[in-house]
Each structure stands twice: as C-alpha cells, then as structure tokens.
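Everything on this sheet refers to the single structure shown next.
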2 protein chains.
Amino acid sequence: MQFDDKVPIYYQIKNYLYHEMMTGQLKPGDKLPAVRQLAVDLTVNVNTVQRALGEMITEGILESKRGKGNFVTMDEPRITQLKEHLVMEQLERVYEQLHALNLTDEQIIESLKRFIAQRRQQND
Amino acid sequence: MQFDDKVPIYYQIKNYLYHEMMTGQLKPGDKLPAVRQLAVDLTVNVNTVQRALGEMITEGILESKRGKGNFVTMDEPRITQLKEHLVMEQLERVYEQLHALNLTDEQIIESLKRFIAQRRQQND
DNA sequence: CCTAGTGTTATATTTTACTAGTACACTATA
DNA sequence: TATAGTGTACTAGTAAAATATAACACTAGG
C-alpha cells in the first residue's frame with residue numbers, strides 16, 4: 001500500500017478499510033486479518049494498525065474479541081449510518097472552504113460538475 | 001480568531017487571508033497590518049505569522065517591502081489563478097474521498113445538491 | 001544622524017502527533 | 001497445560017509545529 005505523507009498513516013488505513021467495507025470486500029461479520037499480519041502487509045507498525053482499528057472500534061464499526069480477532073460489526077444500519085456521516089463530513093468541509101472563497105451555492109455545484117466532466121474526458 | 005487544533009495555525013492564517021482577499025476586504029495593492037500587530041491580533045507568535053506570509057509571498061500572492069510592510073499583489077490574474085487552484089484542490093480532495101466511499105460521479109453531484117438544499121432550509 | 005516602525009533571520013525550547021519496540025493478556029486447541 | 005495465535009498496553013524515539021527571545025536590515029521622518 002502506498003501512503004501519502006501529507007496525512008497520517010493510521011488515517012489512510014481507516015480509509016482503506018472503509019473502502020473495503022463500502023465496496024463489499026469486507027462484509028458484516030467478516031474477520032479482519034490479524035493486526036500483526038495487517039502490519040506486515042501494510043509495512044507499518046502494529047500500533048499504527050491498532051490506532052486505526054481502535055478508532056473504528058470506538059465508532060462501533062468494528063468489534064474486537066481478545067484472543068480471537070477483529071470483526072466487522074453485524075449491525076448493518078451502523079455501517080450505512082457511518083457512510084452517510086463520512087459523506088456529510090466531506091461535503092461540509094468542501095462547502096465551507098469554497099464558501100469561504102466567496103463562491104455561491106450555484107457556483108459550488110457548477111464547479112464540481114465541471115471538475116467531474118473534465119476528469120472524465122481525461123481518464124476514463 | 002478561533003483556531004482548530006486539527007490543522008496547523010499558520011495554515012489557518014493563510015486561509016483567513018485568502019478569505020479576506022476573495023471577499024474584497026483585502027484588495028490588490030492593500031497594505032497588511034504589521035507582522036507584529038497581526039501576531040497580537042491573532043494571539044500567535046510573530047514567527048507563526050511569518051510562516052504563513054512567507055508561503056504566500058512564495059506563491060506570488062503577497063509582496064513584502066522591507067521596512068515598509070506586506071502588500072497584496074497588484075497582479076490580479078495571479079489572484080484569480082490562485083483562487084482557481086484552491087478550488088481545484090478542494091474538489092480533488094472531496095472527489096477522491098467520496099469516490100473511495102464507492103459513490104458514483106452522479107451520486108457525488110446529487111449528494112452535494114441535497115446537502116446544499118438542506119442547508120438552505122435550515123439556515124438562510 | 002537618530003529613532004520608530006517595518007520585515008527578516010536565527011536559535012533554543014516546548015509541545016504534540018505519530019510511529020516504533022516490547023512486553024503483557026486472553027483464547028483455542030492439541 | 002503448553003503453545004501458537006490473537007488483541008492490548010506501556011514506554012520511548014522522532015519529527016513537525018509553535019513559541020519565546022533576540023538580533024539584524026531596511027525605510028521614513030524629524
């Protein structure tokens with residue numbers, strides 16, 4: 001896994017795991033790889049992995065069973081709820097920032113549309 | 001001024017000054033308050049102010065005249081260019097994050113629209 | 001000239017976030 | 001009950017950010 005120096009590794013690990021869950025590669029009830037194994041796979045320290053998992057456990061999205069492993073919660077609504085929360089967080093941040101740059105609501109929407117259209121042409 | 005612990009103070013100072021410029025409270029050619037005055041106003045150290053201003057000078061958005069003060073550049077296209085750059089930065093970040101949460105391009109646009117609509121009802 | 005006001009630079013210190021190493025605690029099972 | 005596999009906690013090292021303090025450099029005006 002490639003890490004971006006601008007943001008903490010543990011945060012990127014969380015994002016990675018969120019992504020696995022949102023794309024269904026990690027399903028409710030699934031067991032995660034052992035923390036030491038994850039640490040090896042991601043070439044980071046066990047504590048860095050633990051830091052990420054610890055926060056997700058606090059969020060109620062993972063459950064840890066000492067001696068057994070870490071598991072994705074069976075509480076599916078909790079997962080949906082988390083996703084919505086994460087989306088809202090992102091939207092609030094970008095809205096606040098663009099609003100601070102003196103863009104109107106309409107300009108914010110338009111700029112996002114243009115960005116995505118432009119991005120499509122280039123990549124996909 | 002209120003600072004958010006999650007992001008460096010010097011960075012928030014930059015954002016504050018950007019905002020002042022984008023909303024026209026700081027116009028091209030305007031003189032900024034003295035660094036020591038800014039430090040007092042913002043209750044931070046002179047070096048922290050200098051760190052923010054230094055980066056903005058490197059960006060070509062501010063000009064410093066030793067013994068006189070710091071001034072907003074007269075190069076208006078540079079300001080426009082910077083604004084576009086800042087907007088793009090925000091859009092790229094939010095797009096990447098929401099895409100990672102498995103939202104399609106259309107869903108991303110829709111969620112932003114809904115967010116703004118909802119926000120309008122509550123506040124304005 | 002001298003002085004007050006301005007930006008600039010340098011150094012040391014403190015604080016905090018992040019990461020790492022290591023030892024501890026629990027579970028299953030052979 | 002021994003052992004391998006698991007999560008957890010404690011402690012320390014590193015780097016970035018912020019501060020404190022001071023000295024330096026330029027400008028304008030008396």
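In this text, all values refer to a predicted model and were calculated from it rather than measured experimentally.
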Notebook entry, point to check: Of all the choices, C:dG7, C:dC18, C:dA25, which nucleotide is nearest to the side chain of A:R66 once you look at every atom?
Noted result: C:dA25

Notebook entry, point to check: Do B:R36 and C:dG5 have a side chain to base donor-acceptor pair shorter than 3.5 Å?
Noted result: no

Checklist line | Within 6.0 Å of NE2 in B:H19, more than 12 heavy atoms from elsewhere | finding: yes

Check: Is any side-chain nitrogen or oxygen of A:Y10 closer than 4.0 Å to OP1 or OP2 of C:dC18?
Finding: yes

Check: If only side-chain N and O atoms of A:T48 are considered, is one of them under 4.0 Å from the OP1 or OP2 phosphate oxygen of C:dC18?
Finding: no

Check: Checking only heavy atoms, does the side chain of B:N47 share a donor-acceptor pair with the base of D:dA17 at less than 3.5 Å?
Finding: no

Next item on the list: Pick base, sugar-phosphate or nothing for B:D5, based on heavy-atom distances below 4.0 Å to the nucleic acid.
Entry: nothing

Checklist line | Rounded distance (Å) that lies between atom C1' of C:dT11 and atom CG of B:N45 | finding: 13 Å

Item checked: Protein-nucleotide distance (B:K65, atom NZ; D:dA25, atom P), rounded to Å -> 22 Å

Notebook entry, point to check: Are more than 12 heavy atoms from other residues, nucleotides or ligands located less than 6.0 Å from atom CD of A:Q107?
Noted result: yes

Check: What is the distance from CD of A:E63 to C1' of D:dT8, rounded to the nearest Å?
Finding: 17 Å

Next item on the list: In whole angstrom, give the distance that lies between atom CZ of A:R51 and atom C1' of D:dA9.
Entry: 15 Å

Checklist line | 4.5 Å side-chain heavy-atom contact, B:L53 and B:L17 | finding: yes

Item checked: Toward the 5' end of DNA chain C, by each residue's nearest nucleotide, B:K31 or A:Y11 -> B:K31

Margin query: What is the distance, to the nearest angstrom, from the CD atom on B:Q12 to the C1' atom on D:dA17?
Written below: 12 Å

Margin query: Whole angstroms only, please: what is the CG-P distance between B:L32 and C:dG5?
Written below: 19 Å

Checklist line | Spacing between A:Q37 atom CD and D:dA4 atom C1', to the nearest angstrom | finding: 15 Å

Next item on the list: Report the residue (A:A34 or B:I9) whose heavy-atom-nearest nucleotide on DNA chain D is the more 5′ of the two.
Entry: A:A34

Notebook entry, point to check: When you match B:P8 and A:K68 each to their closest nucleotide on DNA chain D, which lands nearer the 5' end?
Noted result: A:K68

Margin query: Using a 6.0 Å cut-off, check whether atom CZ of A:F71 has over 12 heavy atoms from anything other than its own residue.
Written below: yes

Next item on the list: Can you tell me the distance, in whole Å, between the CD atom of A:Q50 and the P atom of C:dT22?
Entry: 18 Å

Note to self: Looking at B:F3, I'd like to know if its CZ atom is crowded, meaning that more than 12 non-hydrogen atoms belonging to other residues, nucleotides or ligands lie closer than 6.0 Å.
What the structure shows: yes

